[in-house]
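Every chain is numbered from 1, with letters handed out A, B, ... down the list of sequences.
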There are 2 protein chains.
Amino acid sequence: MPYDPSAYPPFAVTVDLVVLTVRRHALCALAVRRGEAPFQGQWALPGGFVRPEEDLGAAAARELAEETGLRVQEPGGHRAHLEQLATYGDPGRDPRMRVVSVAHLVLAPDLPAPVSGGDAKTARWAPVDRLLAPAGADREDGSSSPLAFDHARILGDGVERARSKIEYSSLATAFCPSEFTVGELRRVYEAVWGVALDPRNFHRKVTGTPGFLVPTGGTTTRQGGRPAQLFRAGGATLLNPPMLRPEV
Amino acid sequence: MPYDPSAYPPFAVTVDLVVLTVRRHALCALAVRRGEAPFQGQWALPGGFVRPEEDLGAAAARELAEETGLRVQEPGGHRAHLEQLATYGDPGRDPRMRVVSVAHLVLAPDLPAPVSGGDAKTARWAPVDRLLAPAGADREDGSSSPLAFDHARILGDGVERARSKIEYSSLATAFCPSEFTVGELRRVYEAVWGVALDPRNFHRKVTGTPGFLVPTGGTTTRQGGRPAQLFRAGGATLLNPPMLRPEV
DNA sequence: GATCATAGTCGTCTCCCTGACGATAAACAG
DNA sequence: CTGTTTATCGTCAGGGAGACGACTATGATC
């Protein structure tokens with residue numbers, strides 16, 4: 001119930017991005033190396049300030065385009081999926097001033113070029129396991145120092161959101177190119193959940209759910225073995241009944 | 001990736017509360033009447049500014065206590081449940097200045113006193129159906145003018161979150177007093193979902209899910225009919241498999 | 001007190017989905 | 001040609017949910 005807004009101290013509002021993709025059978029997140037204090041030289045999630053006349057979702061989409069060149073295309077499109085994740089506003093999460101960060105979650109297909117960022121910042125895909133590994137874990141290539149700020153928590157929340165959301169929605173297709181096989185989709189589930197799924201039961205489930213997959217008529221052998229049918233994501237967004245994640 | 005925070009224009013950060021309860025077989029939300037412009041005289045969600053050294057969740061809990069006297073008690077406690085809902089930051093959602101609002105969702109048992117607010121603001125429970133009814137719907141007691149700001153959208157999102165979350169979690173018990181019967185819990189589901197459930201199948205489901213309900217040994221006849229066993233919420237927070245919401 | 005209405009509780013039956021797993025098909029590598 | 005890999009179809013048993021019958025234990029009403 002706002003009284004007089006100007007009577008209250010200002011907050012900085014930013015967006016942070018948890019950009020996930022599946023590369024080489026592993027769930028990976030986009031990380032950028034910080035060029036300035038605090039946390040200089042450490043890895044962090046991409047993000048930036050919300051502009052004065054910009055909606056939160058628009059700010060996230062703009063940052064995403066700046067960092068990766070990816071375009072968001074919400075309804076049925078076959079580019080990245082973007083949704084709001086959560087907001088983090090602990091006093092002291094940024095030592096410089098009070099910053100409230102609205103985190104967004106992006107699910108993207110594996111990009112041909114690793115990352116073609118707009119500016120010169122170092123950006124790379126890193127397996128989430130390594131980014132979330134406790135301090136002291138092996139880091140042979142120096143890429144797994146702990147994330148800056150509270151970004152480990154944000155990334156963890158994003159990963160958990162993605163893991164649970166592919167259970168009951170068709171969002172896993174956002175990790176796939178516009179045409180994909182059942183096996184490729186299965187490998188997405190396996191990478192995100194970190195488990196092995198039975199190919200036969202998976203095939204029965206996804207092809208038996210109306211509106212989930214639409215055959216394009218083509219086939220491919222890019223995975224080796226017998227040619228597989230190519231599919232496109234169907235109109236269904238909700239999976240009912242859901243895809244069950246195996247027990248731990 | 002913050003540069004110089006002071007170089008960016010300030011935002012006001014507030015928390016808004018979607019406080020839900022079940023009263024007389026209807027899902028109700030807490031609404032307060034605005035005493036000042038803009039939207040003077042209209043109903044709105046309770047909320048207020050986040051203080052300089054206050055975490056977002058703490059601000060929401062403080063506002064909740066100020067408006068209702070409810071205390072939040074996260075782990076297993078039998079008072080209100082509070083969680084972050086989403087953040088709304090459209091430019092222009094508040095005509096006075098740029099306000100980013102972090103909405104929170106509260107699930108509370110039916111309160112004995114309707115609302116015992118701290119300050120003198122008029123607060124009341126209103127059925128969400130009426131609060132969300134399109135403008136022009138009947139409002140015999142004048143209580144259903146459209147909500148101020150974008151609060152109808154926020155309330156809608158909160159209701160949808162509650163509806164889906166009681167499917168796969170034990171959160172429905174947050175609407176019940178500390179001891180309750182299976183029938184009372186069923187009426188919570190029926191009110192939140194707006195459907196009728198089979199009492200026998202519901203009884204089998206909730207009593208057969210380990211850790212969901214713990215019998216206290218007592219019985220009650222406060223609902224009339226045969227005495228019913230009293231239960232307390234068990235430790236389980238996730239329902240697996242979930243409670244299925246009947247088709248539309 | 002008998003009857004009725006109201007809730008609660010236990011069972012049964014069928015259908016559908018899932019997990020486990022056998023079998024076949026169609027490509028490629030040697 | 002043979003082995004390897006991946007895709008795809010089929011079968012079978014078990015669990016859970018929807019539909020619904022039956023019985024129980026209260027208070028209200030006649």
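If you take CG of A/L197 and P of D/dT6, they are 15 Å apart, rounded to a whole angstrom. Summarising the geometry, the separation between CG on A/L230 and P on D/dA7 is reported as 11 Å, rounded to the nearest angstrom. Distance CG (B/N240) to C1' (D/dA17): 15 Å, rounded to an integer number of Å. The CG atom of A/L185 sits 12 Å away from the P atom of D/dT8 (whole-angstrom rounding).
Of the residues in residues 208-216 of chain A, not one places a heavy atom less than 4.0 Å from an atom of DNA chain C. Of the residues in residues 166-175 of chain A, none has a non-hydrogen atom less than 4.0 angstrom from any atom of DNA chain D.
Side-chain contact between B/L230 and B/T181 is present, with heavy atoms from C-beta onward closer than 4.5 Å. Counting only heavy atoms from C-beta outward, the side chains of A/P215 and A/F231 approach each other to under 4.5 Å.
With hydrogens and angles disregarded, a donor-acceptor distance shorter than 3.5 Å links the side chain of B/T21 to the backbone of B/P109. Panel note: side chain A/S170, backbone A/A236; a donor-acceptor pair is recorded below 3.5 Å.
The side chain of A/K205 contributes an N or O atom lying less than 4.0 Å from OP1 or OP2 of C/dT18.
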Sugar-phosphate or base contact per nucleotide [nucleotides 6-16 of chain C; S, B, -; heavy atom under 4.0 Å]: BBBBBBB----

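Under the ring-ring contact (aromatic ring centres under 6.0 Å, His included) criterion, B/H104 pairs with no residue at all, not counting sequence neighbours. Taking the side-chain contact (heavy atoms from CB on, under 4.5 Å) definition, one finds that B/E167 meets it with B/S164, B/W193, B/R245, sequence neighbours left out.
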Decide yes or no on side-chain contact (heavy atoms from CB on, under 4.5 Å) for A/H25 and A/R187, but give the supporting numbers first. CA-CA 7 Å; A/H25 293 207; A/R187 281 182 271 280; 3.4 Å; yes

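At most 12 non-hydrogen atoms from other residues, nucleotides or ligands lie less than 6.0 angstrom from CZ of A/R24. Few gaps surround CZ on A/R163; more than 12 heavy atoms of other groups in view lie less than 6.0 Å from it.
Using modelled atom types, one finds no donor on one side chain facing an acceptor on the other under 3.5 Å when comparing B/Y88 with B/D16.
Residue pairs satisfying the side chain to side chain donor-acceptor pair (under 3.5 Å) criterion with at least one member in residues 194-203 of chain B, sequence neighbours excluded, are listed as follows: B/D198-B/R200, B/N201-B/R204.
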